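What follows is a single structure, written as structure tokens, with notes after it.
Just so we're clear, the structure is a prediction, and the values are computed from it rather than from any experiment. The sequence lines fix the lettering, A, B, ..., with proteins before strands; numbering per chain opens at 1.
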Amino acid sequence: MELTLNVNGREWRGDVPGRLILADLLRDRLHLTGTHLGCEQGVCGACTVLVDGEAVRSCLMLALQADGCSIRTVESLAPDGQLSRIQAAFLRHRALQCGFCTPGFLMSITELLDSGQRYNREELAEMLSGNVCRCTGYEPILDAVLECQD
Amino acid sequence: MPRLGLENSRLLITGNGSYLADLEFEGCVDVCFVRSPFPNAEIARVRPPVGSGLSGAELGIRPLQLESRGLVSVPWDPIAIHRVRYVGESVAVVWGKDRYEAEDAVDATEVDYDRLPDGIPVHPEAPDDVLFSTTFDSGGFEEASSAAHAVIEGSFKAARQSALPIECRGVAASHDSASGVTTVWTSTQIPHLVRKGIALGLGVDEDLIRVLVPHVGGGFGVKAQVFAEEIALAALTRRINRPVRWIEDRWENLVASAHAHDTGVTMRVAVARDGTFLGVDADVVADVGAYSVWPFSASLEPATAAASLFGPYAIRAIKYRARGIASHRCPVGAHRGVGINAGVYATERMVDTIAHELNIDPFDIRRLNAIRTMPCTTAAGRELDSGDYLGLLDRLASASAYQELRRSQRQSRQEHRLVGVGIGFFNEHSGSGPSDYRRRGVTTISGEDSARVVVTHEGRLQIYTSAAEAGQGHAETYRALAGRELDIAPEMIDVFEGDTDACPKGTGTFASRGGVGVIEAVVQALRKVAQLDIAPGTDVTHVHEAKQLYPSGAHLAVVEVDADTFVPRVVRYVAIEDCGTILHADIVDEQVRGGIANGVGCALLEEHRYSAEGQILTASLLDYLVPLVADIPHVELHHLTNPSPGTTLGSKGVGEAGTIGAIAAVSNAVADAVFPLGVRLTALPYSPTRISDGMPEALPDR
């Protein structure tokens, strides 16, 4: 089936099977492998991308459902090699170890930061409850987000 | 070749990592496994689609078997041929041009099973289902108990859990018929052992297998097993002569990788009137699942749990029996702390039980019984290398303002709030070496760790080790060390791990080997290079035979349980750890904090459950609960640094300490919080359901 979408500022047009999920389109067809699949059950959040600015689990969305949409993946955050503020803060706070959950966290956080709203630590803990990290104990992730809200 | 560059974190943070599923292979097919829906059945017939599937029998893998002391050796067909023994066990491999088509091939596979009745042994070689059994007796328990003020009994159960790295497992394989070499890419912690397991399964020389490890999205122990899928993909690529890959999904990961823990400990402790522990008699029973995991075997969980009982306490008499019992459940393997978690959890819950019975403060009874002289050999035969156990406890009391905590707890109780304080005091064995494995009768695991350091003609330093990075920051630690040892800039150092051709042979990454044997090998190799004036062309390999060391710690958790919903919440957490000399301050802290988060999950949330019919009920992350951001408290972390004489730099390893301490401290705190309700918690996790089921007034209604 015919599909047109915009990924990280570039238009992509192609023929895809109806059952193809968005994450597989991004990873296998567009070779944007920064979007990771951690559960395909909509829980771990590693596959989070922005669809028209909204954080979405790309494992639960069919590619065709994104027809006409603008998608942002982790690869869009440092387009010219210059790290975004949140990426730089992650490195500074050592908010990643194995790095597998990181792209999903970054996209969820990007949605929060783009909203311009400020949240306290407890609010952030609730808002980031859609992403699972098994390495860090979450504390440095929250520290990085709080720094970027300043 | 896997290279851990200076910019590794930057690669990962920009989405440019190369995890297993990110690798691309020309002409590769995606593989799926056809898995049994039944826990116990004979396989009558397996018919995968012609040209895109093979049964276990057609794949022709040799059964693997393990021998060690106390173990009943049972053959393991990586892809089942005659009988399935748990839901999720593979009976066939199928493939397609992508995962979607491979899953179609799963659906198209016809398998006829003949269900087997309950009550027949899981393995005919073990008629009583006991796969592993061991006993220990220091002598003196009977005398101790007859002289005791009381003999107090308790029984505690650690839940069946998953290590749960966010990246599931994954394997790719490719065969070069000209050289005869099969290359296997796998998300593993133990590349050389994987090579050995594959070579055995295929019946070929190890030199004909090369194992490569890409970026690994967390291991936490589950990737320290050699899995059926690794052997099957190597066999398949040789058979169909094209590259193959299998990316595990979370359902497979939860039902059919390896589970952990699931160990019960029943104890009798002889105590003096003043609370002195006189002797311990324990029975450890682990449900090890359907098979012995390779290469650790069914001994892994029960043996380490038993060895960990009453670890930091001065006890003159200890005896135990430990058994691993087969069941129609997923095999049990390693997870961060392994059986030490169950051993320390049961011990620390028992210590609190004794303190309650004798009306002694939980802190005071620990201080009274803590080992005071170091080094020492314990009644259980452990050779403790270093530590300051009273120092740990005293630092915990001052850092947490313990007396003040208890005062404020009494105040909270008057307000009918359910607030509890719990301590987790422990030591743990790390970095097991050749002598430790031989003592247990294990021959499959060498126990060696090694490092090779090369000075290139351009003056760059190359470090190759037998470890495998999965997020622990190995390269960062080696660069810092090399900087100190050789005064060489980090950007001049290249680090390589996870390549069985290029890296020296060794045991891999688990049990904090990185902070014990591997780091020792690196230091010794660096020092030899220094003696040779860092001359270009220098090429030094050091193989280290480590010996178990004993990191230690004391943790304290404050938990408040919601009086209406019974949801427990950790409101304060203080940890004092002693991993000896700190090699890299940030990395040590990260390991402890991450480990504590894992332990909070094990104490409060995580549990695999099976139905009476043997079906797993926790096959998704909606059913198997893991800790989220809001579940994890801020950790107030303090260090004692009592160097070990067992390593040149004095490090002891720190990968498991956080988890071990947290399970004990948090479970004790929840138990303490609900104690006034008459609830006595014994089986993990201490969830709202367990608390409400334990309410005395709830019993008559049921």
Only pairs of heavy atoms separated by less than 4.5 Å count here; which of [options] has the most with chain A?
options	value
P165(B), A630(B), S18(B), A597(B)	A630(B)
G219(B), G594(B), G658(B)	G594(B)
D586(B), L254(B), N16(B)	D586(B)
V216(B), L12(B), V629(B)	V629(B)
D249(B), N598(B), N253(B)	N598(B)
G17(B), A470(B), G601(B), G15(B)	G15(B)

Report which part of [X] has an atom under 4.5 Å of a heavy atom belonging to chain B: side chain, backbone, both, or neither.
X	value
E75(A)	both
V43(A)	side chain
R94(A)	both
I21(A)	both

Nearest-0.5 Å distance, CG of residue L628(B) to OH of residue Y138(A): 5.0 Å

Calculate, to the nearest 0.5 Å, the distance between atoms CG and CD belonging to L37(A) and E248(B) respectively. 13.0 Å

Pair R134(A)-V626(B), side-chain contact (heavy atoms from CB on, under 4.5 Å): steps then yes or no: CA-CA 9 Å; R134(A) 198 66 158 168; V626(B) 291; 4.0 Å; yes

Under 4.5 Å heavy-atom distance to chain A, tell me which part of [X] shows up: side chain, backbone, both or neither.
X	result
E252(B)	neither
A662(B)	neither
P627(B)	both
Y100(B)	both

Using a cut-off of 6.0 Å, state whether more than 12 heavy atoms not belonging to Q82(A) lie near its atom CD. no

Any heavy-atom pair between the side chains of [Y] and [X] that's under 4.5 Å?
X	Y	answer
H36(A)	D22(B)	yes
E139(A)	I632(B)	no
L621(B)	C44(A)	yes
E24(B)	H31(A)	yes

Chain B contacts, top residue of [options] (heavy-atom pairs, under 4.5 Å):
options	result
T102(A), I141(A), T136(A)	T136(A)
L124(A), L142(A), L77(A), L83(A)	L83(A)
L128(A), L91(A), N131(A)	L91(A)
G34(A), G130(A), G99(A)	G99(A)

From CA spacing to verdict: side-chain contact (heavy atoms from CB on, under 4.5 Å), D28(A), D98(B): CA-CA 10 Å; D28(A) 298 341; D98(B) 57 27; 5.9 Å; no

Any salt bridge linking [X] with [Y]? Criterion: basic side-chain nitrogen under 4.0 Å from a carboxylate oxygen.
X	Y	answer
R250(B)	E40(A)	no
E122(A)	R569(B)	no
R19(A)	D104(B)	yes

For residues [X] and [Y], report the shortest heavy-atom separation together with the two atoms involved.
X	Y	value
A78(A)	T14(B)	CB-CG2, 4.3 Å
C98(A)	G218(B)	CB-N, 3.3 Å
F90(A)	I13(B)	CB-CD1, 3.1 Å
G38(A)	C168(B)	O-SG, 3.9 Å
G217(B)	F100(A)	CA-CB, 3.8 Å

C135(A) and F220(B): CA distance, side-chain angles, deciding distance, side-chain contact (heavy atoms from CB on, under 4.5 Å) verdict: CA-CA 9 Å; C135(A) 292; F220(B) 313 113; 3.6 Å; yes

List the steps and the verdict of side-chain contact (heavy atoms from CB on, under 4.5 Å) for Q97(A) and Q472(B). CA-CA 6 Å; Q97(A) 288 178 30; Q472(B) 302 94 332; over 6 Å; no

Answer yes or no: is there a donor N or O on one side and an acceptor on the other, between the side chain of R27(A) and the main chain of A21(B), under 3.5 Å? yes

